[in-house]
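Just below is one structure, and these are the notes that go with it.
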There are 2 protein chains.
Amino acid sequence: MTAGGSDTGQVRRQERGRRRMAQILDAAEDAIAEVGFEEATTNAIAARAGVSPGSLYQFFRNKDEILDGIVERYTATSREFWDRQLSGEAARMDLGDFIERVLGALATFKTERPAFWVLFHGSAASPKLGEVADRIRAGIGDRLREVFRQRAPEVSEERLELLASVTISTVRGVLPMVMEAPPERRAALIAEAKALLLGYLGPAVGPERREGRAEATGEAPR
Amino acid sequence: MTAGGSDTGQVRRQERGRRRMAQILDAAEDAIAEVGFEEATTNAIAARAGVSPGSLYQFFRNKDEILDGIVERYTATSREFWDRQLSGEAARMDLGDFIERVLGALATFKTERPAFWVLFHGSAASPKLGEVADRIRAGIGDRLREVFRQRAPEVSEERLELLASVTISTVRGVLPMVMEAPPERRAALIAEAKALLLGYLGPAVGPERREGRAEATGEAPR
DNA sequence: ACAAAATACGAGCGTTTGCTCGCGTTGGTC
DNA sequence: GACCAACGCGAGCAAACGCTCGTATTTTGT
């Protein structure tokens, strides 16, 4: 009898099994990134992972559960990434440097994990992936708002919310353009995106905000 | 015998037939907008259009050709829209007014034709739709660049290209946020988007640009 | 050493999907 | 009014899909 299921905890997974699960998730990730979720057949995923269809269903009760597995891995990876990018340090950096660092890190991350990129920004994913991506973005929004709040405590909460939302949407719109461009053009596009965001965020949360717009370097009025 | 096919020109369509084709395209548009292209079954589309599967295939050789029909209609509608928005007049307007008008028109258009919206910006469409949308955006980019060129003839061609690309990507990123927000919040979000674009475009193609500026969005001397 | 559980296989099931086919109806043309 | 193309129907075919099942092998616990 099959003893399937993955997170029901009813199966004592062996080392071999955990390896297989990772193999299958890798294969599924690639397949879905290539042709979309509905079009990635379970048999094809199994074949790509070097596993029989029967074995696949030993670890995942159905196709949706494979997607759940991918989502779980992505959520964890994403959290790590944004923990690094939006740490306390981010509130103390120069705004331009901050923007540049995040955009750069985002670009290299998407380059290194193209499957994640296609999965969550592409147009061939699935409604479920869309929802997860929305939730993740909401979390990023909260953290970004916190960074802004620390940078500019005098700004109202509603404005902070607007700033964070617009910033995320902008990055979301601009990043595909950067990623689809030939690599030698990326630097110029990132610089342009930086200018765009700097012009928008600078007056609100940058050092040059308000009273006399000092050109100063290294001041912390508070 | 069936005499199918749509654009092969081998069939003398009657008035009744052309009406049926429009019915089918309407139904297909709605169905695809709801569940995505692959998941919208031909039988369901036929039923929604009040037509038998056999009749559907009288007008469209296969499922892809239905998509072609939708694309054709959208392309025409889109061209009309952008003809209005990016006419010669656009080069003579105040930059802020121009941005506001386009954003507003875009928002109302997407509200009135939700199917188009989901089809071309949603994540449940199809690779083919993606390609078409890319081509359309390229066309919009050309026209926008032309508007910018008329507004600021002294700006280099490469810079104009960057400005147009970044502008389109930004709008593409910001618009979903506006559309998904509750209607009473849209005005605030559009105002915010306007500020974002004005800050970026103003120094380059706005009336407030100055010849002597060496800072900010660095202009390459030549 | 031995039983039980976990892992592995792949042919093939039941269902769904895009599409066909045979046949009947409507409408334009002479 | 006779003829023929265009229009219309819907049962059902062939292919593809997600998934199962009987069975064989490997690992773990004792």
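Letters A, B, ... are given to chains in the order of the sequence lines, protein chains preceding strands, and every chain is numbered from 1.
Salt bridge status for Glu161(B) with Arg185(A): present, with a side-chain N to carboxylate O gap under 4.0 Å. A salt bridge does not link Glu89(B) to Arg92(B): none of the charged nitrogens lies less than 4.0 Å from a carboxylate oxygen. A salt bridge links Arg48(A) with Glu34(A): the closest approach of a Lys/Arg side-chain nitrogen to an acidic carboxylate oxygen falls below 4.0 angstrom.
You'll find the ring centres of Tyr200(B) and Tyr200(A) outside the 6.0 Å limit.
dC19(C) atom P lies 4 Å from atom OH of Tyr57(B), rounded to whole Å. Phe60(A) has its CZ atom 13 Å from the P atom of dC19(D), to the nearest Å. The distance from atom CZ of Arg12(B) to atom C1' of dT26(C) is 14 Å, rounded to the nearest whole Å. What separates CZ of Arg61(B) from P of dG18(C) is a distance of 18 Å, to the nearest Å. We find that CD1 of Ile45(B) is positioned 12 Å from C1' of dT17(C), with the value rounded to whole Å. In this entry the distance linking CD of Gln58(A) with P of dC19(D) reads 15 Å, nearest Å. For Asn62(B) and dG18(C), the CG to C1' distance is 9 Å, given to the nearest whole Å. The distance from atom CD of Glu39(B) to atom P of dT17(C) is 10 Å, rounded to the nearest whole Å.
Among the heavy atoms of the strands, none lies under 4.0 Å from Ala47(A). In this structure, Ala40(B) reaches the sugar-phosphate backbone alone: every heavy-atom distance under 4.0 Å involves primed, P, OP1 or OP2 atoms, never a base.
Checking the phosphate oxygens (OP1, OP2) of dT7(C), no side-chain nitrogen or oxygen of Ser55(A) falls inside 4.0 Å. Here Ser52(B) does not reach the OP1 or OP2 of dG10(D): none of its side-chain N or O atoms lies under 4.0 Å away.
Both Gln14(B) and Gly50(A) sit near DNA chain C, but only Gly50(A) has its closest nucleotide nearer the 5' end. DNA chain C is contacted by both Arg16(B) and Arg16(A); Arg16(A) maps to the nucleotide lying nearer its 5′ end (nearest heavy atom per residue).
Among residues at least two apart or in separate chains, there is no side-chain hydrogen bond (donor to acceptor under 3.5 Å, both in side chains) pair with a member in residues 166-181 of chain B.
Using the six-membered ring where Trp is involved, Phe116(A) and Phe109(A) have ring planes that are tilted, between 30° and 60° apart.
Out of dT7(C), dG18(C), dC7(D), the shortest distance to the side chain of Arg13(A) is found at dT7(C).
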Table of protein N/O atoms under 3.5 Å from nucleotides 11-16 of chain D N/O atoms:
none

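Neither side chain, Glu112(B) nor Thr108(B), offers a donor N or O lying under 3.5 Å from an acceptor on the other.
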